[in-house]
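Numbering starts at 1 and runs along the sequence shown.
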Amino acid sequence: MNLDKLTTETRNTQTMNLDELSTSEVMSLMNQEDQKVALAVEEALPTITKVVEAITESFSKGGRLIYMGAGTSGRLGVLDAAECVPTFSVDPSMVQGLIAGGMKAMTVAVEGAEDSKTLGAEDLKAIQLNDTDVVVGIAASGRTPYVIGGLEYATSVGATTATISCNKNAEISQFAQMPIEVDAGPEILTGSTRLKAGTAQKLILNMLSTGAMIGSGKVYQNLMVDVKPSNKKLEERSKRIIMQAAECTYEEASEAFEAADHQVKLAIVMILTHSDKDVAEQKLTKAKGFIRETLS
């Protein structure tokens, strides 16, 4: 295995004396290096856009978004998938994160798991991957066997495939229809890809899930109208969202929130269209979940 040509494994010439610097100097260097990440991601926007559109189309057909990776890359995928449930009120199966070694690998490294192509395929078989799904393989190095095995299996069943890597001409790119490659330069701490590479991956994952949810009617204006009010704080946030979307009072928002059985989007449509719950539900169904379409 030759890692010499991977940008994520090379030494950063700006941080060769990292152990001699003051804390303030280290923090300044980290901040300077982090500023390069967003600019590197910007170069990949055309491909990122295509992936978002593919995910949105998949969702419209009842398909799922499946992230898969090992180590930090896998953990970031699991995190993004988990956040979709409370943010957009989607079923946990709609966006899933698979990590080499299973969920225990979220906190403890599972030796050898990332080196198994077979395990990647098996994990996708276990969730009954099909041709309406989108698989996004995540690997900072761009060469993780677990991810490659998963992508090969995804291709065999006709699923749409994409990748996120932090090296140009990454190996995993050869196994995806839409490879996203971002080169943010060497890490300040050589090979520690939880730093800039991890930040780049997180930025891209934010775009993929949020963009696809916007395209699926989960957003009105810039508001999370499908938020799941699972605690008191989120209930209050839900009422505030209703107030902002419908330009109504707190009392009106609270009343609609209760009448809509705590469904924020439904409450908004009830107020904006002066409809009762049943009629508002019909309007939303006809509009495929897009609030703006209920107003025309």
Stepwise, does the side chain to side chain contact (heavy atoms under 4.5 Å, CB included) test hold for Asp34 with Lys196?
CA-CA 6 Å; Asp34 284 344; Lys196 288 194 297 183; 3.8 Å; yes
Report the C-alpha distance between Thr190 and Thr10 in whole Å, list the side-chain angles of each, state the deciding distance to 0.1 Å, and finish with yes or no for side chain to side chain contact (heavy atoms under 4.5 Å, CB included).
CA-CA 6 Å; Thr190 307; Thr10 57; over 6 Å; no
Under the side chain to side chain contact (heavy atoms under 4.5 Å, CB included) rule, what do Arg64 and Val95 come out as? Steps first, then yes or no, please.
CA-CA 6 Å; Arg64 302 166 294 175; Val95 183; over 6 Å; no
As a quick check of understanding, evaluate side chain to side chain contact (heavy atoms under 4.5 Å, CB included) for Asn31 and Met27, giving each step before the final call.
CA-CA 6 Å; Asn31 180 252; Met27 296 303 101; over 6 Å; no
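Electrostatic pairing of Lys61 and Glu57 counts as a salt bridge here, judged by a charged N lying under 4.0 Å from a carboxylate O. At a threshold of 4.0 Å, the pair Lys168-Asp183 does not count as salt-bridged, since none of the basic side-chain nitrogens sits closer than that to a carboxylate oxygen.
No continuous path of ILVMFWY side-chain contacts below 4.5 Å connects Val219 to Val269, so the two sit in separate hydrophobic clusters. Cluster membership check: Tyr220 does not share its hydrophobic cluster with Phe88, using side-chain heavy-atom separations under 4.5 Å among Ile, Leu, Val, Met, Phe, Trp and Tyr. Side-chain heavy atoms closer than 4.5 Å link hydrophobic residues (I, L, V, M, F, W, Y) into clusters, and following such links, possibly through other members, connects Ile66 to Val157. Hydrophobic clustering of Ile, Leu, Val, Met, Phe, Trp and Tyr side chains at less than 4.5 Å, counting indirect connections, keeps Ile99 apart from Leu119. Taken together through direct or relayed side-chain contacts under 4.5 Å among Ile, Leu, Val, Met, Phe, Trp and Tyr, Met207 and Phe59 form part of one hydrophobic cluster.
For Asn206, the side-chain hydrogen bond (donor to acceptor under 3.5 Å, both in side chains) test picks out Lys202, with sequence neighbours left out. Ser24 pairs by the side-chain hydrogen bond (donor to acceptor under 3.5 Å, both in side chains) definition with nothing, not counting sequence neighbours. Here Glu258 pairs with nothing under the salt bridge (charged side-chain N to carboxylate O under 4.0 Å, His left out) rule; sequence neighbours left out.
Here the side chain of Arg75 pairs a donor or acceptor atom with the backbone of Ala105 at under 3.5 angstrom. A distance-only check finds a donor-acceptor pair linking the side chain of Ser22 to the backbone of Glu25 [under 3.5 Å]. With Asp133 contributing its side chain and Asn130 its backbone, the two residues share a donor-acceptor pair below 3.5 Å. Of the possible donor and acceptor atoms, none in the side chain of Asp226 sits under 3.5 Å from a partner among the backbone N and O of Ser89. With hydrogens and angles ignored, the 3.5 Å screen pairs a side-chain donor or acceptor of Gln96 with a backbone N or O of Ser93. At least one donor-acceptor pair closer than 3.5 Å links the side chain of Ser275 to the backbone N or O of Thr273.
Counted by atom type alone, Glu181 and Ser173 present one or more donor-acceptor pairs between their side chains at under 3.5 Å. Using modelled atom types, one finds no donor on one side chain facing an acceptor on the other under 3.5 Å when comparing Glu152 with Ser156. Side-chain contact annotation: Asn231 with Glu235, donor-acceptor N/O pair under 3.5 Å absent. In the model, Asp115 has no side-chain atom that pairs as donor or acceptor with a side-chain atom of Tyr146 under 3.5 Å. Inspection of the Glu33 and Asn12 side chains reveals an N or O donor paired with an N or O acceptor under 3.5 Å. With hydrogens and angles left out, the side-chain atoms of Thr8 and Glu187 include no donor and acceptor closer than 3.5 Å.
Side-chain contact check for Tyr67 versus Ile138: some heavy-atom pair is nearer than 4.5 Å. With a 4.5 Å cut-off on side-chain heavy atoms, Met68 and Val136 do not count as touching. In this structure the side chain of Tyr153 never reaches within 4.5 angstrom of the side chain of Lys117, judged on heavy atoms. When side chains are defined from C-beta on, Met213 counts as touching Cys84, because their heavy atoms get closer than 4.5 Å. Residues Met178 and Thr161 are not in side-chain contact: their nearest non-hydrogen atoms beyond the backbone lie 4.5 Å or more apart. In this structure, Thr15 and Val26 have side chains that are not in contact, with every pair of non-hydrogen atoms separated by 4.5 Å or more. In this structure, Thr163 and Phe175 have side chains that are not in contact, with every pair of non-hydrogen atoms separated by 4.5 Å or more. The side-chain heavy atoms of Glu255 and Glu252, taken from C-beta on, include no pair separated by under 4.5 Å.
How far OG1 of Thr199 is from CE of Met30: 8.0 Å, rounded to the nearest 0.5 Å. Atom-to-atom distance recorded for Ser116:OG and Asp123:CG is 9.0 Å, nearest 0.5 angstrom. Here the CD atom belonging to Gln201 is positioned 3.5 Å from the OG atom belonging to Ser73, to the nearest 0.5 angstrom. Between Arg240 atom CZ and Leu223 atom CG the span is 10.0 Å, to the nearest 0.5 Å. Between the CG atom in Leu208 and the CG atom in Leu203 there is a gap of 11.0 Å [rounded to 0.5 Å]. Taken to the nearest 0.5 Å, the CE atom of Met16 stands 13.5 Å off from the CD1 atom of Ile188.
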List the atom pairs, donor and acceptor, that lie under 3.5 Å between side-chain atoms in residues 282-296 and the rest of the protein, sequence neighbours left out.
{"from": "Thr285", "atom 1": "OG1", "to": "Glu281", "atom 2": "O", "distance (Å)": "2.9"}
{"from": "Thr294", "atom 1": "OG1", "to": "Ile291", "atom 2": "O", "distance (Å)": "2.6"}
{"from": "Ser296", "atom 1": "OG", "to": "Glu293", "atom 2": "O", "distance (Å)": "3.2"}

Quiz: residues 42-56 side-chain donor-acceptor pairs under 3.5 angstrom, not counting sequence neighbours:
{"from": "Thr49", "atom 1": "OG1", "to": "Leu45", "atom 2": "O", "distance (Å)": "2.8"}
{"from": "Thr56", "atom 1": "OG1", "to": "Val52", "atom 2": "O", "distance (Å)": "2.9"}

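Of all non-hydrogen atoms in Ala113 and Gly101, the two that sit nearest each other are CB-N, 3.6 Å. Shortest non-hydrogen contact noted between Ala245 and Ile268 is CB-CD1, 3.6 Å. Minimum heavy-atom separation, Leu234 to Pro229: CB-CA, 3.7 Å. Between Ala140 and Asn167, the shortest heavy-atom contact is O-ND2, 3.2 Å. Between Leu6 and Ser141, the shortest heavy-atom contact is CD2-O, 3.9 Å. The shortest heavy-atom contact between Ala139 and Thr144 is CB-OG1, 3.4 Å.
In Lys277, the NZ atom is crowded: over 12 heavy atoms of neighbouring residues, nucleotides or ligands sit closer than 6.0 Å. Environment of CD in Gln128: sparse, with no more than 12 heavy atoms of neighbouring residues, nucleotides or ligands closer than 6.0 Å.
Here Tyr250 sits in one hydrophobic cluster together with Met243; the rule is ILVMFWY side chains under 4.5 Å apart, joined directly or through other members.
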